[in-house]
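Being a predicted model, the structure only gives us computed values, none of them experimental. Labels below follow one simple rule: chain letters A, B, ... track the order of the sequence lines, proteins then strands, and each chain is numbered from 1.
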There are 2 protein chains.
Amino acid sequence: MNFSRTTEYALRIMSFMAMNEQKLYSANEIYANLKIPFRYLRKLLTTLSKSGLLISVQGKSGGYRISKDLSEISLLDIIQQTGDNKFKNECFFGFHDCAFVKKCAMHDKWAAVRENINQVLTTTTLEEIKETGPHSFISNNNSVFTKND
Amino acid sequence: MNFSRTTEYALRIMSFMAMNEQKLYSANEIYANLKIPFRYLRKLLTTLSKSGLLISVQGKSGGYRISKDLSEISLLDIIQQTGDNKFKNECFFGFHDCAFVKKCAMHDKWAAVRENINQVLTTTTLEEIKETGPHSFISNNNSVFTKND
DNA sequence: CATAAATGATACCTTTGGGTATTATTTAGA
DNA sequence: TCTAAATAATACCCAAAGGTATCATTTATG
Ligand code: SF4
Ligand code: SF4
């Protein structure tokens with residue numbers, strides 16, 4: 001399935017930080033582990049901070065820390081912070097104004113799919129992710145990018 | 001849920017044409033019913049023709065017709081022609097190289113979601129869509145665009 | 001056979017998401 | 001108190017998707 005790249009980044013970041021939930025991570029340290037393009041990572045981290053999922057500490061030896069209890073952060077919570085407003089109650093065909101005096105074949109089927117997805121995303125929390133680790137946190141993506149900061 | 005706009009267009013086009021599966025539709029006629037930006041619609045129609053889902057007839061009084069029996073065209077068939085290669089067997093987090101000596105919490109859950117989606121998309125054919133019509137084929141999107149061709 | 005009405009091909013423009021560069025601010029600690 | 005190491009803010013750049021414009025080709029029909 002496909003979320004936006006940004007959403008995938010956010011999911012990785014939060015999952016990674018959940019491995020040590022009290023710890024204050026610097027952007028450098030996250031970069032070292034996740035290899036997300038550094039400056040973009042920086043931007044994303046401040047976004048996540050503003051959204052309330054992370055707390056940021058400025059100054060030397062500053063960084064980011066997860067703001068709430070892991071059990072209170074669902075994967076959907078994370079996904080919603082990065083603009084991926086998928087899984088809303090939309091028409092399968094992308095219509096905004098279907099009258100459906102009689103529903104088409106996809107209406108209920110697709111509603112069930114959405115329900116299924118939402119169920120998984122809202123009930124799975126970072127706590128569960130932490131417990132079931134480890135998974136690989138280094139993405140190859142065989143892409144090479146520079147850090148220089 | 002979100003497919004690309006182009007995929008949504010393709011789904012609408014094919015579903016609409018399925019309502020009268022033998023008929024030769026001109027781009028003009030499809031435009032009149034679906035209000036997809038005209039020149040983009042034209043482009044898409046030739047794409048669908050090249051992909052084999054439609055047969056095109058050139059010249060005056062030409063147009064497009066669905067190429068196969070409706071029961072042989074699944075929604076997934078349509079989706080796959082427009083580059084939306086979603087629902088592949090990918091990692092939830094977007095990793096390409098997870099070792100998973102021990103699978104993370106999302107691995108099987110997400111595989112089940114994908115399976116669910118694929119099931120719906122491969123088993124639902126245009127025939128079924130035709131039978132369960134009508135649904136609205138006019139999208140408002142309150143967007144105004146010109147035709148001029 | 002000329003014309004009109006259709007599709008085909010191709011190049012270009014625009015918007016958006018992803019990514020980079022630069023400068024400013026905060027703060028621990030020598 | 002100066003410096004280094006961190007985050008914050010802002011503006012810019014690039015590539016891909018969506019959309020437009022132009023011209024060429026096909027063919028029914030007068
Ligand atoms: S009936 Fe079909 S076309 Fe209408 S809103 Fe539901 S899914 Fe969309
Ligand atoms: S175990 Fe988790 S991280 Fe690894 S491939 Fe499966 S879903 Fe992705």
Side-chain angles (χ1 to χ4, degrees), chain A residues 2-10 12-13 17 23-32 34-51 54-65 67 79 81-86 94 139 141 143-149, chain B residues 2-10 12-13 17 23-32 34-51 53-65 67 81-86 94 139 141 143-149:
Chain A
N2 284 3
F3 298 99
S4 70
R5 220 178 188 79
T6 304
T7 294
E8 285 183 353
Y9 289 162
R12 290 184 202 170
I13 291 167
M17 293 177 73
K23 179 172 175 179
L24 196 70
Y25 290 90
S26 71
N28 274 291
E29 191 168 359
I30 296 172
Y31 170 78
L34 299 185
K35 297 297 181 196
I36 295 166
F38 186 69
R39 298 185 133 103
Y40 197 59
L41 168 65
R42 294 273 314 281
K43 203 197 266 184
L44 227 183
L45 285 168
T46 73
T47 299
L48 291 172
S49 296
K50 286 194 203 163
S51 80
L54 297 181
I55 290 172
S56 81
V57 176
Q58 292 193 54
K60 187 166 180 174
S61 77
Y64 306 87
R65 177 176 26 236
S67 67
I79 291 169
Q81 297 311 324
T82 53
D84 258 0
N85 280 358
K86 302 179 197 266
S139 169
N141 273 346
S143 57
V144 181
F145 34 77
T146 49
K147 180 167 174 296
N148 64 25
D149 207 348
Chain B
N2 283 6
F3 298 98
S4 70
R5 223 179 183 79
T6 304
T7 295
E8 286 183 354
Y9 289 163
R12 291 184 200 169
I13 292 167
M17 293 177 73
K23 178 173 173 177
L24 196 70
Y25 290 90
S26 71
N28 274 289
E29 191 168 0
I30 296 172
Y31 171 79
L34 299 186
K35 297 297 181 196
I36 295 166
F38 187 68
R39 299 185 134 103
Y40 198 59
L41 169 65
R42 294 270 315 281
K43 204 198 263 184
L44 227 184
L45 285 167
T46 72
T47 300
L48 291 172
S49 296
K50 286 194 204 163
S51 80
L53 290 177
L54 296 180
I55 291 172
S56 80
V57 176
Q58 292 194 55
K60 187 165 181 173
S61 77
Y64 305 87
R65 176 175 24 234
S67 67
Q81 297 312 322
T82 52
D84 259 358
N85 281 357
K86 302 178 196 269
S139 169
N141 274 342
S143 56
V144 181
F145 34 77
T146 49
K147 181 168 174 293
N148 65 23
D149 207 349

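B/Leu41 has its CG atom 12 Å from the P atom of C/dG8, to the nearest Å. Going from atom CD1 of B/Ile30 over to atom P of C/dA6 covers 12 Å, rounded to whole Å. Note: CG (B/Leu45) to C1' (C/dA9) measures 15 Å, nearest angstrom. The CZ atom of A/Phe38 sits 15 Å away from the P atom of C/dG19 (whole-angstrom rounding). Residue B/Arg39 contributes atom CZ, which lies 14 Å from atom C1' of C/dA6 at whole-angstrom precision. Between B/Asn28 atom CG and C/dT7 atom P there is a gap of 7 Å when expressed in whole angstrom units. In this structure, the CD atom of B/Glu29 is 16 Å from the P atom of C/dA5, given to the nearest Å. A/Tyr25 has its OH atom 22 Å from the P atom of D/dA5, to the nearest Å.
Across A/Leu24 and A/Ser61, no two heavy atoms sit closer than the pair CD2-O, 3.7 Å.
For the atom pair OG1 of B/Thr46 and CG of B/Leu44, the computed distance is 8.0 Å after rounding to the nearest 0.5 Å. Atom CD1 of A/Ile36 and atom CG of A/Leu45 lie 8.0 Å apart (nearest 0.5 Å). Considering OH of B/Tyr9 and OG1 of B/Thr47, their distance stands at 14.0 Å, rounded to 0.5 Å. To the nearest 0.5 Å, atoms CD (A/Glu29) and OH (A/Tyr64) are separated by 13.0 Å.
A donor-acceptor contact shorter than 3.5 Å is absent between the side chain of A/Ser26 and the backbone of A/Gly63. Proximity of a side-chain donor or acceptor of B/Arg12 to a complementary backbone N or O of A/Gly94 within less than 3.5 Å is detected.
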For B/Ile13 and B/Leu41: C-alpha separation, side-chain torsions, deciding distance, then whether side-chain contact (heavy atoms from CB on, under 4.5 Å) applies. CA-CA 9 Å; B/Ile13 292 167; B/Leu41 169 65; 3.5 Å; yes
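Between A/Ile30 and A/Phe38 the shortest side-chain heavy-atom distance does not fall below 4.5 Å.
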Going 5' to 3' through nucleotides 23-30 of chain D, assign each nucleotide B (protein heavy atom under 4.0 Å from a base atom), S (under 4.0 Å only from sugar-phosphate atoms) or - (no protein heavy atom that close). ---BBB--
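The side chain of A/Pro37 sits closest to C/dT20 out of D/dT7, C/dT20, C/dG8. Closest contact between the side chain of B/Ser26 and the listed nucleotides D/dT20, C/dG8, C/dA6 involves C/dA6.
Here A/Ser49 does not reach the OP1 or OP2 of D/dT7: none of its side-chain N or O atoms lies under 4.0 Å away.
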Distances for protein N or O near nucleotides 16-18 of chain D N or O, under 3.5 Å:
unit_1, atom_1, unit_2, atom_2, d
D/dG18, OP1, B/Arg5, N, 3.2
D/dG18, OP2, B/Thr6, OG1, 2.6

